[in-house]
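Note sheet for the following structure.
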2 protein chains.
Amino acid sequence: MKLFHEYRNPSLAIDLVVFGYHDNTLSVLLLNRKEEPFKDCWTLPGGFLQMEETFLDTCSRILQTKLGMNEVFLEQLYSFDDPGRDPRGRVIAVGYYALINPAKFKIVAGSMANDVKWFNVRKLPVLGFDHKHIFKAALQRLKSKILYHPVGFELLDELFTITELHELYECILHTTLDRRNFRRKILDAEYVINTGMKREGLKNRHPELYRFNKHLKKNNFQINVPTES
Amino acid sequence: MKLFHEYRNPSLAIDLVVFGYHDNTLSVLLLNRKEEPFKDCWTLPGGFLQMEETFLDTCSRILQTKLGMNEVFLEQLYSFDDPGRDPRGRVIAVGYYALINPAKFKIVAGSMANDVKWFNVRKLPVLGFDHKHIFKAALQRLKSKILYHPVGFELLDELFTITELHELYECILHTTLDRRNFRRKILDAEYVINTGMKREGLKNRHPELYRFNKHLKKNNFQINVPTES
DNA sequence: GGTTGTTTGCGTCAATATAACGTGAAGTAA
DNA sequence: TTACTTCACGTTATATTGACGCAAACAACC
């Protein structure tokens with residue numbers, strides 16, 4: 001009996017949409033390719049699945065070797081099958097997105113890349129492959145996800161103020177949310193725990209510092225986006 | 001340069017969770033395998049992705065040759081990467097789920113299967129591979145999806161009564177929903193259009209027949225599931 | 001032809017959730 | 001002390017929801 005891998009199979013790549021939040025800006029990590037195809041173009045970090053790897057293994061390897069980071073929030077996004085998505089041949093891509101706190105990592109351009117840089121998600125350059133498409137799916141997923149699930153804290157420091165969380169939501173959702181109603185929902189849902197400490201050194205009143213409530217019963221809140229009209 | 005497909009790559013399979021609704025029962029289509037592995041076991045219909053196929057091409061081929069059906073609602077579910085999921089070797093599975101109206105198709109067991117049968121989703125036999133896992137993900141997705149998106153009509157005839165739609169929701173969500181509140185939400189959302197016709201031949205009052213409103217602005221309604229307590 | 005039992009379609013109402021906005025305390029800078 | 005800003009907590013009008021009531025429509029029966 002012929003072994004499966006002796007048949008012709010499409011290649012299987014993992015592409016990562018790595019989100020980071022800093023200075024009130026949601027960014028995505030892009031990598032400038034050193035080699036064809038799309039040499040000198042910006043693309044999402046990615047890599048091929050090795051025979052013995054799980055998807056998460058591949059994600060970790062990419063994060064580790066290309067970006068020098070580990071232990072981050074990862075979620076599978078979607079699998080992309082456009083036959084023309086890679087000029088080298090048939091490559092299926094499994095998209096994942098990651099949420100990281102840029103403060104915790106020093107980004108390193110691996111040997112494969114000219115450069116690695118954070119880009120504001122609203123000001124992306126042209127991307128190689130079908131990566132614009134993958135990116136859009138990831139951003140849409142993130143926007144939907146934070147409405148119902150407490151993932152915002154993945155992008156913040158361990159201690160944060162309600163205002164900081166509020167600004168993060170406004171930034172990701174790209175809209176304004178009433179400050180006072182937002183606060184009430186987050187507090188009522190027990191999304192966060194008051195540490196009693198305050199953020200010092202600010203110009204005005206010192207806000208209280210919170211940490212994420214890890215024992216949150218899930219789906220406990222819902223943020224509503226104002227209807228555009 | 002070595003071509004991609006000359007490297008060792010995992011195989012790529014598509015597995016389908018085909019939902020059907022009939023006699024107030026939500027069912028899933030299973031196939032009894034004629035060959036090893038899992039000979040004589042029930043599994044989801046599936047097949048390997050061919051080099052030139054898109055995922056949807058493969059889905060169509062499976063639906064056509066194994067089940068004799070076409071033109072159905074299909075949505076990508078998730079991709080499954082457990083290294084042990086197929087005893088023959090490394091096989092990645094991309095899961096899709098389909099919603100079909102069993103009344104519209106005559107199911108045929110293709111040459112590869114001993115038998116093809118509908119199973120009540122609450123009374124499944126043991127499944128081969130990791131198909132129980134894939135099935136659970138599909139059922140969960142369906143349960144979440146119908147709360148916000150008008151997909152219920154995919155499982156019904158073109159003309160249906162509000163009561164029939166209501167029973168479908170209760171069946172899928174496996175809970176009870178207040179009949180009158182359900183009706184109000186569905187009508188307010190303009191999910192359906194009154195045809196003016198009535199379903200004849202029933203024992204009691206003849207209910208009005210509706211058809212799905214194809215021009216529905218999406219995400220216009222939300223069905224709430226009673227909190228279990 | 002009236003009675004009975006069931007389903008259907010429409011309403012009511014109290015409880016809850018939401019959106020919009022007010023206000024005074026806490027803090028820095030002058 | 002004053003001016004200015006942010007923070008924390010309220011208030012109120014409106015909208016939505018959940019839990020029911022009820023009468024018309026229909027078949028079956030006496």
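Labels below follow one simple rule: chain letters A, B, ... track the order of the sequence lines, proteins then strands, and each chain is numbered from 1.
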| task | Can you check whether any acceptor in the base of C/dG9 is under 3.5 Å from a donor in the side chain of B/Arg184, or vice versa? | result |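 For B/Arg184, whose side chain was compared with the base of C/dG9, there is no donor-acceptor pair (under 3.5 Å).
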| said: Students often get this wrong, so: under 4.0 angstrom with heavy atoms, is A/Thr163 touching a base, only sugar-phosphate, or nothing? | reply: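 Sugar-phosphate contact only.
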[atom1] of [X] versus [atom2] of [N]: gap in Å, rounded?
X	N	atom1	atom2	result
A/Asn224	D/dT14	CG	C1'	15 Å
B/Arg183	D/dA19	CZ	P	19 Å
B/Glu200	D/dA25	CD	P	14 Å
B/Asp188	C/dG11	CG	C1'	13 Å
B/Glu164	C/dT7	CD	P	14 Å
A/Leu177	C/dA20	CG	C1'	14 Å
B/Glu167	C/dT8	CD	P	8 Å
B/Gln222	D/dT16	CD	C1'	11 Å

| message | Quick test of your reading of the model: are B/Arg85 and B/Asp15 salt-bridged, counting only N-O distances below 4.0 Å? | response |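 Counted as a salt bridge, because a side-chain N and a carboxylate O are separated by less than 4.0 Å.
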| message | Check B/Glu164 with B/Arg199, please: is the shortest side-chain N to carboxylate O separation under 4.0 Å? | response |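 So B/Arg199 pairs with B/Glu164 through a salt bridge.
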| query | If you draw a 6.0 Å radius around NE2 in B/His133, do more than 12 non-hydrogen atoms from other residues or ligands fall strictly inside? | reply |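 Not buried by this count: 12 neighbours or fewer within 6.0 Å.
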| Just checking, is any N or O donor in the side chain of A/Asn213 or A/Glu190 under 3.5 Å from an acceptor N or O on the other one? |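 On atom types as modelled, these side chains do not qualify, holding no pair under 3.5 Å.
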| query | Looking just at side-chain N and O atoms, do A/Asp115 and A/Asn32 make a donor-acceptor pair shorter than 3.5 Å? | reply |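 Per modelled atom types, A/Asp115 and A/Asn32 side chains form no pair under 3.5 Å.
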| said: A/Asp81: which residues meet the side chain to side chain donor-acceptor pair (under 3.5 Å) condition with it, sequence neighbours left out? | reply: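 So A/Asp81 forms no side chain to side chain donor-acceptor pair (under 3.5 Å) with any residue.
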| message | So if I define the base as every atom that isn't primed, P, OP1 or OP2, how would nucleotides 21-30 of chain C read as a B/S/- string at a heavy-atom cutoff under 4.0 Å? | response | BB-BBBBS--
